[in-house]
Amino acid sequence: MRYDLVVFDNDGVLVDSEPISNRLLAAYLTELGHPTSYEDSIRDYMGSAMHRIHDLVLERSGERLPADFDSVFHSRVFAAFERELRPVPGVTDVLEKLAADGVPYCVASSGSHERIRVGHRATGLDRWFDDTRIFSAQDVGKGKPAPDLFLHAAERMGVAPERCVVVEDSPLGVRAAVAAGMDVYGFTAMTPPAKLAGTTGLFADMGELADLLR
């Protein structure tokens, strides 16, 4: 194994949540008078922390989102997760292999701690991630594309950034990993490869990941 720590993004990499959350986000923004298609949501918000949604809406419309926007959105997302969410195909095999080989791993997500845990419980991935392996944009001052979250995860896990590898599926996440001085492999199941510029490598099937990390 070439790396001392594997850092997973969560949404779209561990749990197949991007179609659900972006569908609901587009609908909610449209409901509030900010017309947004599913494709718009994927392009503008995939991989970002909640503050980025607020910032972009304010920048584009001059209007602030309601004070309860985050809580209403999350309640809708969590309810949908309970009904629909599944792990990304093949990711449990990857986690099983890392655990069997004794390779340290963690998750570093733009989502809140609650969102991560709800998704992991709904999919059974909570067996692989205790509290010491979960890091959120809530833990740092700036979310992706700033490197802060990945650097925080590496520090807490006791690994130098240059010995870490990140698994990401969003342009914002790739930029954050590169800025942190880490190798990064781009998962292209939902994201066109051209949008993941700067990666160490690309893969479209989670079954390919183990070989890339050797």
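What you are looking at is a predicted structure, and each value in this text was computed from that prediction instead of being measured.
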Would you say Val165 and Val107 are hydrophobically clustered, going by side-chain heavy atoms of ILVMFWY under 4.5 Å?
yes
Strictly by modelled atom types, are His120 and Asn10 linked by a side-chain donor-acceptor pair under 3.5 Å?
yes
Short side-chain to backbone donor-acceptor contact, His74 and Asp70, under 3.5 Å:
yes
If you group Ile, Leu, Val, Met, Phe, Trp and Tyr by side-chain heavy-atom gaps below 4.5 Å, do Met46 and Leu24 land in one group?
no
Validation row: Glu84, Pro19 side chains within 4.5 angstrom (heavy atoms)
no
Greater than 12 external heavy atoms within 6.0 Å of Arg64's CZ
no
Within this structure, what is the NZ-OG distance for the pair Lys195 and Ser170, rounded to the nearest 0.5 Å?
11.5 Å
Relative to the ring of Phe81, is the ring of Phe78 parallel (under 30°), tilted (30 to 60°) or perpendicular (over 60°)?
tilted
Can you hop from Leu172 to Ile53 via hydrophobic side chains spaced under 4.5 Å?
no
Do you know which two heavy atoms are closest between Met206 and Pro89, and how far apart they sit?
CB-O, 3.3 Å
Measuring from Ile134:CD1 to Arg117:CZ, what's the distance to the nearest 0.5 Å?
4.0 Å
Using the ring of each side chain (for Trp, its six-membered ring), is Phe69 parallel, tilted or perpendicular to Tyr28, with breaks at 30° and 60°?
parallel
I need the Ser71 OG to Glu114 CD distance, nearest 0.5 Å.
10.5 Å
Please give me the minimum heavy-atom distance between Pro35 and Asp40, naming the atom from each residue.
O-OD2, 4.5 Å
Please answer whether the main-chain N or O of His34 pairs with a side-chain N or O of Thr36 as donor and acceptor at a distance below 3.5 Å.
yes
With Tyr105, which residues qualify under ring pair (Phe, Tyr, Trp, His ring centres under 6.0 Å), at least two apart?
Phe129
Give a yes or no on whether the backbone of Arg2 and the side-chain of Arg163 come within a donor-acceptor separation of less than 3.5 Å.
yes
Do the side chain of Ser110 and the main chain of Gly47 share a donor and acceptor less than 3.5 angstrom apart?
yes
Is Arg156 salt-bridged to Asp139, going by a charged N under 4.0 Å from an acidic O?
no
After noting the C-alpha distance and the side-chain angles of Tyr45 and Leu56, does the key distance pass the side-chain contact (heavy atoms from CB on, under 4.5 Å) rule?
CA-CA 9 Å; Tyr45 304 120; Leu56 280 181; 3.5 Å; yes
Flag the pair Arg115 / Ser17 as yes when at least one side-chain heavy-atom distance between them is below 4.5 Å, and no otherwise.
yes
In one Ile/Leu/Val/Met/Phe/Trp/Tyr side-chain cluster, 4.5 Å: Val88, Val77
yes
Where is the tightest heavy-atom contact between Leu125 and Leu14, given as atom of each residue plus distance?
CD1-O, 3.4 Å
Would you say the side-chain atoms of Ser41 pair up with the backbone N or O of Tyr38, donor to acceptor, closer than 3.5 Å?
no
When you look at Met182 and Glu168, which way does the side-chain contact (heavy atoms from CB on, under 4.5 Å) test go after all the steps?
CA-CA 12 Å; Met182 301 177 181; Glu168 263 288 354; over 6 Å; no
Which atom names give the shortest non-hydrogen contact between His51 and Gly143, and what distance separates them?
NE2-N, 3.7 Å
Working to the nearest 0.5 angstrom, can you tell me the gap between Leu95 CG and Arg133 CZ?
9.5 Å
Shortest non-hydrogen contact from Pro147 toward Ala180:
CB-N, 3.6 Å
Shortest non-hydrogen contact from Thr123 toward Pro87:
CG2-N, 3.6 Å
Are Leu212 and Val167 linked, directly or through other ILVMFWY residues, by side chains that come within less than 4.5 angstrom of each other?
yes
Is Thr199 reaching over with its side chain to a backbone N or O of Tyr185, donor-acceptor style, under 3.5 angstrom?
no
Val91 vs Val15, test: side-chain contact (heavy atoms from CB on, under 4.5 Å). Steps then yes/no.
CA-CA 9 Å; Val91 80; Val15 294; over 6 Å; no
Okay, side chain of Thr200, backbone of Val184: is any donor-acceptor separation there less than 3.5 Å?
yes
Just how far is it from atom CG of Leu5 to atom CZ of Phe8, taken to the nearest 0.5 Å?
9.5 Å
Donor-acceptor pair, distance only, cut-off 3.5 Å: does the side chain of Thr191 make one with the backbone of Asp169?
yes
In Å, rounded to the nearest 0.5 Å, how long is the span from CG of Asp93 to CG of Leu209?
11.5 Å
Go through the steps for Asp11 and Ser109 under the test side-chain contact (heavy atoms from CB on, under 4.5 Å), then give the verdict.
CA-CA 7 Å; Asp11 295 291; Ser109 172; 3.9 Å; yes
When you measure from the side chain of Arg52 to the backbone of Asp44, do you find a donor-acceptor pair of N or O atoms at a distance under 3.5 Å?
yes
Are the side chains of Val159 and Pro104 in touch, meaning some heavy atoms are under 4.5 Å apart?
no
